[in-house]
Amino acid sequence: MKSKPKVAFFDFACCEGCQLQVANMGELLLEVLEIVDIVEFREIMSEKWDGQFDIAFVEGSITDEHATERVKKIRERSKILVALGSCATIGGVNGMKNSFPLEEVRRYVYGEFHKFFPTVETKAVHQVVKVDYFIHGCPIYQPEFLTVLKCILQGIPYYVPEYPVCVECKLNENVCMYDRGLSCMGPVTKAGCNSWCINNGNICYGCRGLTVNPNTEGFKEVLRKHNIPEDFLIKKIEMYNKCKELDK
Amino acid sequence: MENVPFVLTKLPSKSIMFYCIFSHMKTEQYKIIEKYLIKEFVNRLFPISKVVAPVYKGFGNYVFEEIKSEENVTFKYIPTILPPKKYLLPKKETILEFKKNQELIIQPVVEYENLILFGVHTCDIAGFKCLNKVMSDTPKDVSFLLRKEHIVIIGIECNDYCDQYASCAFVGAHLPTTGYDLMFTELNDIFIVHVHSSKGTNIVEKTGLFKPATDAHIKELRELREKKAKIFYNEIPTERRYIPDLFDRSWNASVWKELEEKCLSCGNCTAVCPTCYCFDIAEEVDLTLKSGKRFRIWFSCQLDPFAKVAGGIDFRKERSARQRHRFYRKFRYHVDRFGMIFCTGCGRCSRTCMAGINLKEVLISLIKESEAKIWRKWL
C-alpha cells in the first residue's frame, strides 16, 4: 500500500484557534489519521519533520521579514500549501495594523523596545507565496476543513462559494438578524460556513471576508434603512478585509 | 392524489373557476369538525405518519417543521420563511450513492417518506401545482413524483390577507381550487373540510372526528367566499391575461436598472419562492475516499456563479439582468411553456428582501412605464 500523505501544520501571526478546530475534531480526527500521516503539528505533538511535506497547512498572517522567509521555506518544502483560517487567507484581524503607520503601531505595542521589533505590513499568505487551497473562517468551519482535505486527496480543486452567507442562512431557516433588530454581515460575506454563527444565535461578523462582487453601496442603503451608521459598516469590513487592498 | 388530477392541464377561465367554487359544492364532499377538536385532530395524525406543520419562530417568522405535539402548531400564520416546497424538493437531496472497492458500484437513490403536511395555505398549494407541472414534464422527475405520492396535503384557507406583501388574489391563489387532499375553512365555531381525494378520506376515517356537513354549512361557506370576494382585491392594477404582453414590452424597462443598485444578490428571493426549482449537483466522498454520494442542492439565478460557464464567461453578470430573469421566469417564460404564471402571490420574496425589492412595486412600475410607451405610440 502507498504510504499516507505527509501533512504538517504551521502557524504565523494568529491565535492558533484554527489548528485547535482541527485538534478538537473528536472521533473524526481518528478517521483523518487513517488517510493522512501528520508529521508536524506543534499544537498537538512534539515531533518535527525535516523532509518534504505533501500538504502543509499554514495558519496566520505574515507580519515581519522573519515570517516572510519562513513561509517561503515552507512553500519550497511543500507539494501543496493550504491557507488555514482568515489570518492566512485574507490577513484577518491582523490586517487592522495596516490602517496605521507602522512606526506608530510598533511604539504602541512595544513601547520603548519597539526598535527591537521590526515589522512589515500585514499580508495574507497568498500575498507572499503561492497558495493552492483556501480555508476561510475565524475560526475555520470543521466540515469545510474536511471537504477541502478530501478535495486535496482526490486531486481536485475546492471552490469557495461565490455568494453571501445569506444563501446558506436562508436554507437553514434562521430568523433574519435584521428582523431581530440586529446588524449582520451575512449579506456581503463569503459563504461556506453553513451560516454557523447565525444557526447558533450569533450575528455574522464577516470573518470569511467580503464575497465576490459584493454590492456594498446597496448594503449601505440597507443599513441606512435600519438606522445603522455607514461608518459602522466600514469598520466591520476593515476588521477582516484590510489586507485586500494589497491584492490590487 | 388517486382520484383527482393533481394539476389542471389548462388554466380554467374565471367563469369556470367561479362555477367550480360556488355552484358545484357537493354537500357530500364536505365534512365538519368542531373547532375545539382541531388540536385533537392534529394529535390523531401522529400515529398515521410524520406530521409537518407551521411553527412560530419569533419576530414574526414561521417555519414548517416536524411536530411531535399539537402544542407547537400555529393555525394562524403568515407565509413561512421557506415554503413547504422543501418537502417535495429537499434542499439537499441524495440522488446517487457510489462505492469503489474492487469494482465501482453506482446506485441511484430516491428519498421519500410518508408525510402529512398540515396547515398549508392556498398560495403554497398553488406552488405545488407549478412544481408538479414542471416535474411531470418530460423527462419526468421520478424522485419528485414518488415523494409527492407519499405526502398528504391538508390545507387551511385564509379568510383574510396575511399582510401587505401578498398578491394572491392577482394570481387567483387566494381560493382553494385543487391540489390538496383536505381543505379546512374556518366558519364560526367549526371548520368545514373539503375532502378532495381518497388520501383525504383516509385521514377523515382514521381520525374519526368529523361529522357530515349539512346544506346550512355549505350556505355558510358560500357566504364566507362571497365575503372574501370583498376582502381580497386584485392587488396589481392589471389583469393576469395582460401580463405576457406587459413583459414583452418591458425587457428594457428602467426598473431593472434600479434593481441593479438595490439588489444584494443574496438569493433570498429565490430561496423562499414556492416555484423556484433550479438546482446544482454536488458530490461528497466520505473520509475513506472510497464511497460517497451525489446530491441535488438548491441553487439560485441571483447568485454570481449561477450563469458562469467554462472560460470564466458569465452570461448574466449584472444584477439587473439576474433580477429581470427572475421576473421573466415568474411571469413570462412559463406562460409559453406551461400556460401558467409561476407566481403564487405568497409575497415571500418581498417580505424577505433586505434591499426592499417589492414584487408588487416592480410590477406596478412596469405597468406605468409600459402605459407611457403605449401612449407615445398613439400620439
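Protein chains get the first letters and strands the later ones, always in sequence-line order, with residue 1 at the start of each.
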The reported gap from CG in A:Leu29 to CG in B:Leu287 (rounded to nearest 0.5 angstrom) is 10.0 Å
Provide the closest heavy-atom pair for A:Lys150 versus B:Leu289 in the form atom of the first, atom of the second, distance.
-> CG-CD2, 3.9 Å
From A:Ile35 atom CD1 to B:Lys290 atom NZ, the distance as rounded to the nearest 0.5 Å = 10.0 Å
Donor-acceptor under 3.5 Å (A:Lys225 side chain, B:Met354 main chain) | yes
Okay, A:Tyr178 and chain B: the region with an atom under 4.5 Å from a heavy atom over there is side chain
In plain terms, say whether B:Lys57 and A:Glu173 are close enough for a salt bridge, that is, a side-chain N and a carboxylate O under 4.0 Å apart.
-> no
Does any non-hydrogen side-chain atom of B:Lys308 lie less than 4.5 Å from one of A:Glu162?
-> yes
Pair count under 4.5 Å, heavy atoms only, with chain A: among B:Asp286, B:Thr288, B:Thr270, B:Asp304, highest is B:Asp304
Which one, B:Asn61, B:Leu82, B:Leu303, leads in non-hydrogen pairs under 4.5 Å with chain A?
-> B:Leu82
Heavy-atom count around B:Tyr112 OH within 6.0 Å, excluding the residue itself: above 12?
-> no
Non-hydrogen atoms of chain B under 4.5 Å away: do they reach the side chain of A:Leu146, the backbone, both or neither?
-> side chain
Per-residue contact mode, A:Pro214 against chain B (heavy atom under 4.5 angstrom) = backbone
Looking at A:Val175, A:Val167, A:Val212, which one has more heavy-atom pairs under 4.5 Å with chain B than the rest?
-> A:Val175
For the atom pair CG (A:Asn213) and CG (B:Asp314), what is the distance rounded to the nearest 0.5 Å?
-> 9.0 Å
Looking only at B:Lys92, B:Lys86, B:Arg319, B:Lys262, the option with the highest number of non-hydrogen pairs under 4.5 Å against chain A is B:Arg319
Minimal heavy-atom distance between A:Leu171 and B:Trp298, with the atoms involved, is CD2-CE3, 3.3 Å
If one checks every heavy atom of B:Phe299 against chain A at 4.5 Å, the contacting part turns out to be side chain
Looking only at atom types and distance, does a side-chain atom of A:Lys170 sit under 3.5 Å from a main-chain N or O of B:Gly267, one as donor and one as acceptor?
-> no
Which atoms form the tightest heavy-atom contact between A:Pro187 and B:Leu264, and what is the distance?
-> CB-CD1, 3.8 Å
Within a strict 4.5 Å, meaning less than it, do heavy atoms of the A:Tyr163 and B:Ser265 side chains meet?
-> no
So which part of B:Gln302 gets closer than 4.5 Å to some heavy atom of chain A, the side chain, the backbone, both or neither?
-> neither
Exceeds 12 heavy-atom contacts within 6.0 angstrom, atom NZ of B:Lys293 = no
